[in-house]
Amino acid sequence: MAERGGPALYTIPAHRAFADALAAGLIRRSGRDPLGLARGVVLVPNNRAKRTITEAFVRASGGGLLLPRLAAIGDPELDEAADPSLDPAEAVASVPPAIAPLARRMVFAAMVQEERARAGAPVGAAEAMRLAGELGRTLDQLLIEEISPARLGDIAMSDDLSTHWRRALALFEIVLDRWPETLARLGLVDLATRRTALLDRLAARWLAAPPSGFVCAAGISTTAPAVARLLRAISAIPQGMVVFAGLATDMDDAEWEALGPHAPDAITGRRTRPIESHPQFQLKLLLERMGMNRAEVATWRDGGGHDAGAARGRAIANALAPARFTAKWTGLDADARRLGKVACAELATPADEAQAIALALREALETPGRTAALVTPDRALARRVAAHCARWGLAVDDSAGRPLSILPSGTLLTTLAEAAAERFAPLALLALLKHPLVKFGEERLAWLDGVRALDKALRGPRPAPGLEGVRGYLAGGDARAQHLRRPAAVWWPAAHMMLAPIEAAMAIGRQPLGAMLAALREAAFRLCGEVMWQGPAGRAAADLLAGLEAECARTALAVDPADLAPLLRVLMDEVAVRPPQGGHPRIAIYGLIEARLQNADLMVLGGLNEGVWPGQPAPDPWLAPRIRAELGMPGLERRVGLAAHDFAGALGAPSVLLTRARRGARGPAVASRFWLRLRAMSGGVPRAQALEHWARLLDTPPLCKPAACPAPVPPASLRPTRIAVTDVDRLKADPYAFYARHILRLRPLDPVDADPSAAWRGTAVHAILERWMKEDGCAPGALRPRALAMFAEAQAHPMMRAFWQPRLMEAIDWIALRVATQLAEGRGVVAAECGGEIAIAGVTLKGTADRLDRLADGTLAIVDYKTGKAPSPSAVRAGFSLQLGLLGLIAERGGFAPVSGAVSAFEYWSLARDGDGFGKVASPVDPAGKGKKIITAEFTAIAAHHFADAAQQWLTGDAPFAAKLVPEYAPYAEYDQLMRRDEWYGRE
């Protein structure tokens, strides 16, 4: 290259495809020398940029090409070290190796845990690991900016600094005081420190002995002083050049200077706050640290082929002008506002937005050779778009990857840790056993059969904790329960054997992390085998566990079992698993970092809502904003500036589609400031109305006709000929529910790990009272011990013990006292839980009386226990809640043999609150019909009449089983979805 009169500084405007323009220019500059490129070096910001520029050289070559050496300067924030080519062997003697990021984080977590415990504010291992990550980021920022941590001691603490920040700063200083000693003992340095030393050595070496080939620093915008010194050195050597991405050389000087950073005021000493959220601030700061002027930067001559017009670039610059300069928008002419082929789509929800984006990508493929890419920081949106594209057989790679925590290998580890920490509670246990990696392969189907049997067996309240609790639960229960649980009980030992070791390890409690990880790894292998560690996600999980176990030997980090899953989730959220190559060659999905330097014919910029793009700057938990400013550290708003620069770069494609959803996952969303600026400056971005319309239509059926009220008419041969007294109300009030239950034989399943329902509590009370009456002969002193024994059982639900036990015990005492009083008056209990049946109206009516008493006059009393309120007299008059009358009818007709006789008392013994206590006797009848009650002597006849009428309609007749016939007496909703109630109820 010819001699130059000044530094070689260039910029590729935002409206050009950076990587393609760079490759074209370097190929042109190498001339006809086939080794011209091969002798050169191209420095790029990170490893992802290496891949992007490599692909650009391949596209530009049109055939074989010897590429220049591509080297990344590394990024400590991404845990990326400098390229090995920048780290020669002779540097080892003068620059110690860097500590591994995970090793440093483990040491920091142990320090944070130890110091917080010493300060009287202990934290769990998961929170310590999170704080350690933030601590490492803050320390890296100090080291990158070459700010000595010792300067913290020179900052005067004002009274307005809150106690929280003072405490955090004190802990930060303690940890940083201990850290250099730890590094010295290990013979290591921080990654950022090592990178700074290597870049300085490289700059000095190139200045002393310039390379024989060209050196090009491309797309580097990092403002670290060491990087600035290296770029200055590159620009000064004979064949060196620095190429910026999207530096605004035509930006108004007043706007440029307003960005900052500003010199301190001569009088007050205060600095005007820089506009770090502007997309050009980072580049301006880099230029200043290089000691260069914007006027020295020339425009790169070559284009990239995927370029928008220069008018687009001017419009982008105007739209992103500093806030105090936006008044100029009103005076801009049409050319300065013109965005060209930029459209926007505003959808209702993120699901609709993903649908629209997928359609736009699919439409791009209709043009041969046309490329399209989605750029978004919203990884959930990216996953949705990839799933929508799959409906057309398009495999689209998300180059930003997916976090390990949501991939099968990651979820298996966290699910296993959670299940063990919860002592294998039903929900956690079933989630683990159903995991798709467990018994993957030929054994999977047989395994799932056993898991489904266990799922059915564990329906209802939680069994006793631990694997033995599950075993005891499956082996216990009455004869019916044992019949239902037998398949699960036969299968359970195999699962028990695989999970027993990790249960034993977790039972130790708080212990070193290494021992717990070893037990977790072994249990995962027992459950899944080698498939657990296969594929990109499996290898990432194996590497993470191996790294953690290796560092645990040097770090005393103590972990409670309950902290293991959150700790793993914190770490796995930061592990991005990228798919192997093999997606569609013309469609891509990028994150913001991956999209830098990229371009396509159509760029879709998705997720343009505040808090997404730009994201909400995460607060620094260690240093208060004022302290960061006094130290000269980057402000939290600088990340907004980087997002703005990414936005401007992505707008440089030939065609651009902007998308947002009006509502996010948590509520209404606010449009991104970038979206609003473009609309305000341009006077309105054209809407992609056809795309929005297609997105709505794609999954919308052409006609939605609500279902009518179901009223099936089964043949007589399918209609039941036996009915229980407890089902009569269901038959009359909601015939369809009766049909679903007794003809279709559909029974609702209890939830897994359910809270004790009213029905479950009623069953428990009936069991206690039955045993008391049959085994204890109604002895007054025996009832309370039986109730206490039930609550003392290991499988008794904690909610029952805490909330229901006090109420039940008071009601139990009331029952014992009342029965004793009645015995003294000549009323005796003759049967408990007595079943019987009679033939009536062509069917068999059956029922179970909770209690049959013989009164002093020889007649019978029917007693029914209620844990809630008794039915109202109005319901009885309407022909419902006739259970007592039907039981009396069975008794009078000799259905409860050997007990029989006339019935003169019908009583509900309610255990609900009554005034200041619990327990009340209520009756739906009265001898004289007082209180609008049915006359006692007529009750059984009235019940027989109503039952015969119902039986003749639905059991022996041909009446349809209509849904919700009498809704006020059909309160249960088990079959509402089956009958599609919401489609017709209220429409008729």
Side-chain angles (χ1 to χ4, degrees), residues 706-748 835-849 862 864 871-872 874-896 903 906 924-925 934 938-981 983-988:
C709 175
V713 186
S717 60
L718 297 181
R719 300 188 181 226
T721 57
R722 295 173 61 85
I723 183 173
V725 295
T726 51
D727 287 324
V728 175
D729 277 0
R730 189 189 301 267
L731 174 65
K732 296 175 61 179
D734 192 354
Y736 184 85
F738 181 90
Y739 164 82
R741 189 178 186 89
H742 295 284
I743 297 179
L744 299 183
R745 299 185 183 280
L746 299 176
R747 301 294 178 97
E837 59 182 44
I838 59 171
I840 178 176
V843 298
T844 299
L845 176 65
K846 62 180 181 177
T848 300
I862 307 290
D864 187 57
S872 65
S874 60
V876 177
R877 288 197 311 274
F880 296 91
S881 300
L882 298 175
Q883 179 179 349
L884 286 181
L886 294 175
L887 291 172
L889 181 65
I890 295 174
E892 289 183 345
R893 297 190 180 184
F896 291 126
V903 182
F906 302 89
V925 298
I934 293 177
E938 300 174 356
F939 190 30
T940 55
I942 292 174
H945 170 74
H946 281 288
F947 175 76
D949 180 63
Q952 289 170 5
Q953 290 188 64
W954 288 289
L955 301 182
T956 60
D958 58 359
F961 288 84
K964 300 293 182 184
L965 192 61
V966 187
E968 56 268 34
Y969 296 111
Y972 299 108
E974 300 104 319
Y975 302 100
D976 282 5
Q977 186 176 12
L978 181 65
M979 66 178 66
R980 299 170 69 171
R981 173 186 177 275
E983 296 184 39
W984 54 265
Y985 189 74
R987 295 176 182 268
E988 300 176 345

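Keep in mind it's a predicted model, so treat the numbers as computed, not measured.
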Chemist: Can you name the closest pair of heavy atoms from Ala943 and Gly885 and give their distance?
Modeler: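 That closest heavy-atom pairing would be CB-C, 3.8 Å.
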Chemist: Which value, rounded to the nearest 0.5 Å, describes the distance between Arg745 atom CZ and Tyr739 atom OH?
Modeler: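 If I round to the nearest 0.5 Å, the distance is 12.5 Å.
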Chemist: Do the side chains of Val876 and Leu882 get nearer than 4.5 Å, heavy atoms only?
Modeler: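 A side-chain contact exists here, since the closest heavy-atom pair is under 4.5 Å.
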Chemist: Search all heavy atoms of Leu884 against all heavy atoms of Pro924 and return the closest pair with its distance.
Modeler: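 Between these two residues, the closest heavy atoms are CD1-CD, 4.0 Å.
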Chemist: Applying salt bridge (charged side-chain N to carboxylate O under 4.0 Å, His left out), name anything that partners Asp729, two or more places apart in sequence or on another chain.
Modeler: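 Testing Asp729 for salt bridge (charged side-chain N to carboxylate O under 4.0 Å, His left out), a comparison that skips the adjacent residues, returns none.
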Chemist: Who are the side-chain hydrogen bond (donor to acceptor under 3.5 Å, both in side chains) partners of Ser874, not counting sequence neighbours?
Modeler: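 If we apply the side-chain hydrogen bond (donor to acceptor under 3.5 Å, both in side chains) test to Ser874, skipping adjacent residues, the hits are Ser872.
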Chemist: Does the side chain of Leu746 reach to within under 4.5 Å of the side chain of Tyr975, using non-hydrogen atoms?
Modeler: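 They are in contact (side-chain heavy atoms under 4.5 Å apart), so the answer is yes.
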Chemist: Whether the side chain of Lys732 engages the backbone of His946 through a donor-acceptor N/O pair (distance < 3.5 Å, no angle test) should be reported.
Modeler: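 Between the backbone of His946 and the side chain of Lys732 there is no qualifying donor-acceptor contact (under 3.5 Å).
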Chemist: Pro720: what forms a side chain to side chain contact (heavy atoms under 4.5 Å, CB included) with it, not counting sequence neighbours?
Modeler: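 Residues passing side chain to side chain contact (heavy atoms under 4.5 Å, CB included) with Pro720: Phe738, His742, Ile743, Leu955.
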Chemist: What closest approach, in Å, do Leu718 and Pro714 show between heavy atoms, and which atom pair accounts for it?
Modeler: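 Minimum heavy-atom separation between Leu718 and Pro714: CB-CB, 4.4 Å.
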Chemist: Under a 4.5 Å cut-off applied to non-hydrogen side-chain atoms, are Phe880 and Val728 in contact?
Modeler: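 Answer no - side chains too far apart.
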Chemist: CG/Leu886 to CZ/Phe947 distance, rounded to the nearest 0.5 angstrom?
Modeler: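 Separation between the atoms: 7.0 Å.
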Chemist: Residues in side chain to side chain contact (heavy atoms under 4.5 Å, CB included) with Ala963, at least two apart?
Modeler: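 With sequence neighbours excluded, Ala963 shows a side chain to side chain contact (heavy atoms under 4.5 Å, CB included) to Cys709, Pro710, Asp734, Tyr736, Met979, Trp984, given in chain and number order.
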Chemist: Can you give me the closest heavy-atom contact between Ala875 and Ser881, atom names plus distance?
Modeler: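 Taking Ala875 first and Ser881 second, the nearest heavy atoms are CB-OG, 3.9 Å.
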Chemist: In Å and rounded to the nearest 0.5 Å, what is the CG to CD1 distance from Leu845 to Ile723?
Modeler: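 The CG atom of Leu845 sits 7.5 Å away from the CD1 atom of Ile723.
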Chemist: Please identify each residue that fulfils ring pair (Phe, Tyr, Trp, His ring centres under 6.0 Å) with Phe906, with sequence neighbours left out.
Modeler: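 In terms of ring pair (Phe, Tyr, Trp, His ring centres under 6.0 Å), with neighbours along the sequence ignored, Phe906 is linked to Phe939.
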Chemist: What residues, two or more places apart in sequence or in another chain, satisfy side chain to side chain contact (heavy atoms under 4.5 Å, CB included) together with Ala959?
Modeler: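 Result, side chain to side chain contact (heavy atoms under 4.5 Å, CB included) vs Ala959: Gln953, Trp954.
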Chemist: For a quick test of reading the model, state the closest non-hydrogen atom pair linking Ala849 to Phe896 and the distance between them.
Modeler: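 Nearest heavy atoms, Ala849 then Phe896: CB-CZ, 4.1 Å.
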Chemist: For Asp958, is the CG atom crowded, meaning more than 12 foreign heavy atoms sit under 6.0 Å from it?
Modeler: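 Not more than 12 within 6.0 Å, no.
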Chemist: Applying side-chain hydrogen bond (donor to acceptor under 3.5 Å, both in side chains), can you list everything that pairs with Glu938, at least two apart in sequence or on another chain?
Modeler: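 In terms of side-chain hydrogen bond (donor to acceptor under 3.5 Å, both in side chains), with neighbours along the sequence ignored, Glu938 is linked to no residue.
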Chemist: Test of understanding: with side-chain hydrogen bond (donor to acceptor under 3.5 Å, both in side chains), list the residues that count as partners of Arg980, not counting sequence neighbours.
Modeler: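 Partners of Arg980 by the side-chain hydrogen bond (donor to acceptor under 3.5 Å, both in side chains) criterion, ordered by chain and then number, come out as Glu983.
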Chemist: Between Thr956 and Ala841, which heavy-atom pair has the shortest distance, and what is it?
Modeler: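 For Thr956 versus Ala841, the nearest heavy atoms are CG2-O, 3.8 Å.
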Chemist: With sequence neighbours left out, which residue pairs that include part of residues 959-973 fulfil the side chain to side chain donor-acceptor pair (under 3.5 Å) condition?
Modeler: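 Those involving residues 959-973 are Lys964-Asp976.
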Chemist: Sequence neighbours excluded and cut-off under 3.5 Å, please list the side-chain donor-acceptor pairs for residues 888-895, or say none.
Modeler:
unit_1, atom_1, unit_2, atom_2, d
Glu892, OE1, Thr940, OG1, 3.2
Glu892, OE2, Val903, N, 3.4

Chemist: How would you list, by chain and number, every residue that makes a side-chain hydrogen bond (donor to acceptor under 3.5 Å, both in side chains) with Glu974, sequence neighbours excluded?
Modeler: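 Testing Glu974 for side-chain hydrogen bond (donor to acceptor under 3.5 Å, both in side chains), a comparison that skips the adjacent residues, returns none.
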Chemist: Can you list every pair that meets salt bridge (Lys or Arg N to Asp or Glu O under 4.0 Å) and has a residue in residues 716-727, with sequence neighbours left out?
Modeler: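 Listed once each, the pairs are Arg722-Glu837.
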